[in-house]
Amino acid sequence: MTESFPTLLIHANSLEAAGTFAEAQARYLEPDLTTVSELDALVRQKNIGVVAHFYMDPELQGVLARLTWPHVHISDSLVMADKAVQMVEQGCSRVVVLGVDFMSENARAMLDKAGHREAPVYRVSADPIGCSLAESAQTKAYEAFLGQAAKTPKSLHVVYINTSLRTKAEAHAKVPTITVTSSNVVQTILAAFAEIEGVEVFFGPDTYMGTNLARLLTTLTTLSDDAVRALHPKHDVQSIRALLPRFHYFEHGNCVVHHMFGKDVTQRIRKEHAEAFITAHLEVPGEMFELALEAQSHGRGVVGSTSDILGFIERQIRAACTRTEGSTLSFVLGTETGMVTSIVSAVQKILREVKRDDVSCEVIFPVASEALARTDQALPELGASVGKTMKNLIVIPGAASGEGCALEGGCATCPYMKMNSLDALFAMLKELDVSSEKVLARFHPHHYTEAVVDAAGVSRSIADLGGEPILHMRGFQKNKSIPSALREDVLTRAHATR
């Protein structure tokens, strides 16, 4: 008999866990207050800013959430870099990044671009904190993908931010490149097709996201012009149909966490949790993507970033609190399970504010039965369901990194992210102001000493050239259009390609 998915029932002032994994989450959400006080005093004494990803170990997140020091922030990877800059500008002398290596690299690059090279950035591990998705962009296959783009006139490389600075720099040297995040990839791609005539978009490295983007674009051709314009004002059905042959995506890269949300999981969700809200990343396989998108088109789900998933849950809970009768709202969490810490915190804050003990939130952790592995095992590396209206279709894809699944709960959890443990954070912080900077250098983001020759033939550092696609994204975020320098680069290199 198949065991039920682990669940965590969130009340205003208590938690009810079913399943070993959920029980572990519940334990860590009420941390030891002595530990909280010790860490709070340490970060204050060291004047440290701490930025952490939603997917951190629950024990670590539970403590971070209780700190009174104002320079602690848990978010997705893009906001982490923004907050690192903000913390330094508000007086922090250094920043600790709790995430995988590309996140600390991005924070370092953005601090440098903002003129804060003097502010050290630290990881909590002296060993590499990898990411299967980021590493898939450093293969011969991805090199060939970029080679195809470089030979194609008017090419734009749209690269997921979950990649190293080396990937960004080397790609930008070959093809005009802009990074994208969980919240802006759809708008970036649509803007590129609208603003650069004849552009060829090459997206990578996430294959599931690329596949689902292609499905989404194809599905838009079945809707009305007004529905398409609701997503982007410069597009209609005809323009979407015309761009389809010019959208290309890498076919050999994925995050194995999301690989676990496949057919077995979706069949069980349909059967066992038909009334639940569905949340999912655009990175998940097609079955889970279609299930969540179908639910979203009926106002019963969201395909989004970590922040969008959290916001969706908050809105549903707030709406339930406006009704007189009590209720329990169930949400299938189609992403890395570390996010549950932020969900619990947000939901309990709402319920306490409105004093509703009769409203609760059930989080369901889905996983395929074949995804189970011992903790000592090494793990291997849109159709008609959208509906006829765009009213509830707010497609904002998500981000994640790493892979892994533990027998304790069998849920998608990233072992690389879990290298950022509470013990590791304490150990690294205690070395500050005690060890020499030479010793502390092992905690720094990877320092790229080699240079890359850019498209103009100028030798530039990897950090400098790799930061440029991120700045292009910042420009897009600010002005809601492709930066003029990037458009010109696409057109200029197009002439050189011919």
Side-chain angles (χ1 to χ4, degrees), residues 76-79 82 149 152-163 168 171-172 175-206 209-221 223-250 282-283 293 303-305 307-308 382 386 390 393-399 467-494:
D76 58 23
S77 58
L78 173 65
V79 179
D82 290 338
T152 304
K154 295 188 178 180
S155 290
L156 174 65
H157 176 220
V158 177
V159 66
Y160 204 21
I161 199 168
N162 292 21
T163 48
K168 296 177 179 74
H172 196 37
V175 188
T177 297
I178 183 171
T179 61
V180 288
T181 70
S182 54
S183 61
N184 62 24
V185 61
V186 172
Q187 289 299 317
T188 300
I189 288 173
L190 290 176
F193 280 120
E195 298 172 21
I196 308 175
E197 185 178 357
V199 70
E200 301 272 348
V201 171
F202 287 77
F203 171 81
D206 192 274
M209 181 178 282
T211 301
N212 291 333
L213 284 167
R215 289 178 180 177
L216 168 64
L217 293 171
T218 300
T219 299
L220 294 182
T221 65
L223 304 178
S224 68
D225 285 338
D226 287 343
V228 174
R229 291 190 190 101
L231 190 58
H232 194 285
K234 294 184 179 180
H235 280 289
D236 55 25
V237 171
Q238 183 177 351
S239 70
I240 297 295
R241 189 174 290 119
L243 67 80
L244 289 175
R246 292 181 282 119
F247 177 70
H248 317 275
Y249 60 90
F250 185 57
L282 191 62
E283 289 184 51
L293 199 54
V303 177
S305 68
S307 297
D308 295 307
L382 260 282
V386 169
M390 295 289 288
L393 181 57
I394 307 171
V395 182
I396 312 175
E468 201 163 282
I470 302 175
L471 293 179
H472 284 322
M473 178 184 66
R474 304 282 177 163
F476 176 79
Q477 289 288 92
K478 180 179 180 181
N479 300 312
K480 307 306 178 187
S481 66
I482 301 299
S484 58
L486 181 59
R487 289 199 301 270
E488 172 129 9
D489 193 6
V490 170
L491 297 173
T492 301
R493 292 207 217 181

| field | Sidechain-backbone polar pair: Lys154 side chain, Glu197 backbone, donor-acceptor under 3.5 Å | value | yes
| said: How long is the straight-line distance from OG of Ser481 back to NZ of Lys234, given to the nearest 0.5 Å? | reply: 7.0 Å
| said: What's the separation between atom CZ in Arg241 and atom OG1 in Thr218, rounded to the nearest 0.5 Å? | reply: 10.5 Å
| task | Measure the shortest side-chain to side-chain distance between His235 and Leu243 over non-hydrogen atoms and say whether it is less than 4.5 angstrom. | result | yes
| task | Of all the heavy-atom pairs spanning Glu195 and Ile482, show the shortest one and how long it is. | result | OE1-N, 2.9 Å
| query | Can you name the closest pair of heavy atoms from Ala149 and Val175 and give their distance? | reply | CB-CG2, 3.8 Å
| said: In the structure I gave you, are the side-chain heavy atoms of Thr188 and Thr179 within less than 4.5 Å of one another anywhere? | reply: no
| Shortest non-hydrogen contact from Asp206 toward Tyr160 | CB-CD2, 4.5 Å
| query | Mind checking whether Phe247 and Leu217 have side chains closer than 4.5 Å, heavy atoms only? | reply | yes
| Mind checking whether Lys480 and Gln187 have side chains closer than 4.5 Å, heavy atoms only? | no
| query | How long is the span from the OH atom in Tyr249 to the CG atom in Asn212, to the nearest 0.5 Å? | reply | 9.0 Å
| What distance do Arg493 atom CZ and Ser155 atom OG have between them, rounded to the nearest 0.5 Å? | 10.0 Å
| request: Starting at CD of Glu200, measure out to CZ of Phe193 and round the result to the nearest 0.5 Å. | output: 7.5 Å
| query | Which atom names give the shortest non-hydrogen contact between Val159 and Pro205, and what distance separates them? | reply | CG2-CD, 4.4 Å
| query | Do Lys168 and Ile161 touch side chain to side chain, with heavy atoms closer than 4.5 Å? | reply | yes
| query | With side chains defined as the heavy atoms from C-beta onward, is the minimum distance between Leu486 and Phe476 less than 4.5 Å? | reply | no
| Gap separating the CG atom of Asp489 from the OG atom of Ser484, nearest 0.5 angstrom | 11.0 Å
| message | Tell me the closest heavy-atom pair linking Gly204 and Phe250, and the distance in Å. | response | CA-CB, 4.2 Å
| said: Tell me whether the rings of His172 and His472 are parallel (<30°), tilted (30 to 60°) or perpendicular (>60°). | reply: perpendicular
| query | So, do Asp236 and Arg229 sit near enough that their side-chain heavy atoms are less than 4.5 Å apart? | reply | yes
| task | Among Leu190, Leu223, Ile240, find the residue that satisfies the side-chain contact (heavy atoms from CB on, under 4.5 Å) test when tested with Leu231. | result | Leu190
| Enclosure of Gln477 CD (heavy-atom neighbours >12, cutoff 6.0 Å) | yes
| Do Met209 and Phe203 have side-chain heavy atoms sitting under 4.5 Å apart? | yes
| query | Between Ala192 and Leu156, which heavy-atom pair has the shortest distance, and what is it? | reply | CB-CD2, 3.7 Å
